[in-house]
Amino acid sequence: MTRHPSPEALAALRSELAGRVALVEEPSRVRKRSRDFFWYSPVLNAQLNGLSADVVVEAGSEADVIAVASACARHGVPLTVRGGGTGNYGQAVPLQGGVLLDMSGLATIEWQRDGAVRTGPGIKMNRLDAELAPGGEEIRMHPSTKRTATIGGFIAGGSGGIGSVNYGQLRERGNIRAARVVTLEAEPKVLELTGDRVHGVAHAYGTTGIITALEMPLAPARPWIDVIVAFDDFLAAAECGLAVGRDAAIGKKLITPIAWPLPQWFTGLKAYCPEGQAILIAMIAEDTLPAFRARVAEAGGRITLETPLDDGPGSVPLYEYTWNHSTLQVLKTDRSWTYLQSLHPAEGLMESVAAMAARFPGEIVPHLELIEFAGKLTYAGIPLLKFTTEERLNAIIAEHEASGVWIANPHVYTLEDGTRHKRAETDQLGFKRLTDPAGLMNPGKMRSFTPADAEASLPA
């Protein structure tokens with residue numbers, strides 16, 4: 001088991017890296033960068049609040065990354081990689097101190113061609129889309145934190161987002177073309193991963209390698225229109241969203257049904273969210289708005305907002321009220337709420353949605369995101385949950401799973417416990433044995449991993 005590094009090991013590492021890479025050692029700055037949005041969960045907040053790295057390294061190049069990886073491996077110092085720090089499960093929180101490696105300096109676009117882009121992991125996703133626009137292309141999907149998240153952080157910590165209605169989750173084949181990865185060894189290797197091998201680092205919490213470049217497929221850029229539709233009934237909003245998703249004549253990037261009273265916390269949207277009504281938030285391709293309007297009219301909805309997407313400086317795009325940004329809007333004023341992450345079965349989808357929406361009155365406010373999963377459209381849920389105790393939280397999770405609704409638990413910080421399968425993917429666990437034999441990379445986040453030296457000491 002990896003422990004906090006000794007003062008001697010830290011001193012040796014600092015001495016070796018001083019003058020070669022940018023070090024941040026002022027305690028308040030180190031503590032600030034050692035956080036993410038784990039405080040969405042009262043359970044994680046109790047477990048992770050106050051944990052911090054010992055030193056931050058600001059990498060400016062792959063050569064910097066290699067130097068830091070080598071020094072950490074030789075001195076036995078844990079290393080945690082950080083992007084924009086927008087994750088929600090403590091992925092970027094060092095459990096055992098050591099080095100926090102800030103990758104935001106690796107933000108160069110290498111090329112854009114043949115429907116793909118190759119870029120450093122530290123580029124913010126909003127800037128990446130802006131750089132791609134003159135070529136008539138855009139990234140396939142992004143989180144609701146697009147304006148502050150880095151592409152590397154999204155790949156290492158995210159799972160899907162705006163665009164998943166068309167392309168599924170990040171680990172769907174073809175959503176990541178290639179990844180360049182540095183291993184955590186005394187003599188680090190630089191690996192180029194293509195094909196299914198890229199899944200070794202996707203949604204792995206930075207436990208399986210340091211991403212220094214990514215090659216991502218692109219989509220044709222379209223003029224997107226932000227839309228809000230009001231409904232008397234939440235299930236009507238969900239039915240309409242599903243119909244829009246299945247309609248090939250409608251170009252869509254986001255379909256989000258939300259039950260009242262969640263919209264009451266959307267301060268910036270008060271004029272478009274009628275009291276007591278459910279809403280459907282959508283991003284619709286401008287040239288397909290007539291078909292969308294027809295679907296809405298058939299479903300009994302009323303459009304309250306149509307406006308071109310604007311996620312430039314000073315604006316608040318509609319996607320920042322969807323996915324887990326919905327939860328953030330509530331937590332700005334009421335910390336007694338938290339959330340879950342669920343996946344409804346594609347077969348009998350609306351029956352499942354209706355059953356869960358009625359099951360926990362006063363405790364859960366439904367919020368859905370339409371995604372493609374295993375080739376079928378279904379609803380992922382990010383419901384708002386009134387937190388009382390951890391025991392009640394776990395009971396609600398168990399009731400969902402007993403009803404056939406998968407839960408990816410956002411109230412745990414280990415990779416295994418946060419997945420619906422409750423285990424690390426085989427490709428990730430095996431890959432970590434190659435890239436991090438001593439278990440120094442974000443230690444404690446992959447609980448099923450045993451370092452090579454610990455395995456050697458086990459009794460036969």
Side-chain angles (χ1 to χ4, degrees), residues 126 142-147 161-165 222-245 247 250-334 337 339 353 357 364-371 379-384:
N126 213 32
H142 61 80
S144 61
T145 53
K146 176 186 177 186
R147 297 197 293 170
I162 292 87
S164 287
V165 65
R222 304 183 74 172
W224 295 107
I225 305 300
D226 280 350
V227 183
I228 296 178
V229 186
F231 290 86
D232 292 334
D233 177 69
F234 168 70
L235 294 181
E239 288 275 16
C240 181
L242 185 58
V244 169
D247 192 333
I250 302 175
K252 76 284 290 185
K253 195 169 185 177
L254 176 70
I255 301 290
T256 307
I258 297 176
W260 187 268
L262 207 165
Q264 75 177 358
W265 283 285
F266 295 175
T267 305
L269 301 179
K270 287 280 190 183
Y272 314 108
C273 298
E275 183 81 16
Q277 292 199 307
I279 62 171
L280 177 69
I281 293 177
M283 288 173 64
I284 303 298
E286 185 176 33
D287 60 328
T288 67
L289 274 173
F292 174 77
R293 293 180 187 126
R295 283 286 181 189
V296 167
E298 290 171 7
R302 178 171 65 90
I303 294 174
T304 61
L305 174 69
E306 277 186 17
T307 187
L309 168 68
D310 180 4
D311 54 6
S315 66
V316 180
L318 211 51
Y319 63 70
E320 289 193 0
Y321 293 89
T322 70
W323 289 83
N324 220 8
H325 250 83
S326 289
T327 311
L328 177 60
Q329 302 298 339
V330 178
L331 294 178
K332 288 177 181 178
T333 56
D334 190 346
W337 293 90
Y339 70 110
V353 166
I364 283 186
V365 180
H367 161 201
L368 301 172
E369 297 289 350
L370 192 64
I371 68 169
Y379 273 121
I382 311 182
L384 194 65

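Keep in mind the model is a prediction, meaning the values are calculated, not measured.
- Among residues two or more places apart in sequence or in another chain, the side-chain hydrogen bond (donor to acceptor under 3.5 Å, both in side chains) test is passed with D247 by R295.
- F234 contributes atom CZ, which lies 11.0 Å from atom CD1 of I279 (distance to the nearest 0.5 angstrom).
- Applying the side-chain hydrogen bond (donor to acceptor under 3.5 Å, both in side chains) criterion to S144, with sequence neighbours excluded, gives H325.
- For the pair H142/W323, no side-chain contact is recorded, criterion being any heavy-atom separation below 4.5 Å from C-beta on.
- Remark: M283 CE to T322 OG1 distance equals 8.5 Å, nearest 0.5 Å.
- The shortest heavy-atom contact between L309 and P317 is CD1-CB, 3.9 Å.
- The minimum heavy-atom distance between G251 and T288, with the atom names listed, is N-OG1, 3.0 Å.
- Nearest heavy-atom pair across C240 and L280 is SG-CD2, 4.2 Å.
- Two residues are said to be in side-chain contact when any heavy atoms from C-beta on lie closer than 4.5 Å; S326 and L262 meet this criterion.
- Applying the ring-ring contact (aromatic ring centres under 6.0 Å, His included) rule to F231 yields no partners; only residues at least two apart in sequence or on another chain are considered.
- The CG atom of L370 sits 8.5 Å away from the NZ atom of K252 when rounded to the nearest 0.5 Å.
- Of the possible donor and acceptor atoms, one in the side chain of Y379 sits under 3.5 Å from a partner among the backbone N and O of L242.
- Aromatic ring centres of H367 and Y339: separated by at least 6.0 Å.
- With sequence neighbours excluded, the residues that form a side chain to side chain contact (heavy atoms under 4.5 Å, CB included) with Q277 are A230, D232, P274, R302.
- Rounded to the nearest 0.5 angstrom, D226 CG and S315 OG are separated by 9.5 Å.
- For the ring pair (Phe, Tyr, Trp, His ring centres under 6.0 Å) condition, the pairs that include at least one residue of residues 266-300, sequence neighbours left out, are F266-Y321.
- A278 approaches A237 most closely through the heavy-atom pair CB-CB, 4.4 Å.
- A donor-acceptor pair under 3.5 Å links the side-chain atoms of Q329 to the main chain of E320, judged by distance alone.
- Between L254 and V165, the shortest heavy-atom contact is N-CG1, 4.1 Å.
- Distance check: I228 CD1 to I303 CD1 gives 11.0 Å after rounding to the nearest 0.5 Å.
- Not a single side-chain hydrogen bond (donor to acceptor under 3.5 Å, both in side chains) links N126 to another residue, sequence neighbours left out.
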Exercise. Dump the intermediate steps for side chain to side chain contact (heavy atoms under 4.5 Å, CB included) on L318 and L269, then the final yes or no.
Key: CA-CA 9 Å; L318 211 51; L269 301 179; 3.8 Å; yes
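- No side-chain donor-acceptor contact under 3.5 Å links S164 to the backbone of I371.
- For the atom pair CG of L305 and SG of C273, the computed distance is 9.0 Å after rounding to the nearest 0.5 Å.
- Considering all non-hydrogen atoms of both residues, A259 and V365 come closest at O-CG1, 3.5 Å.
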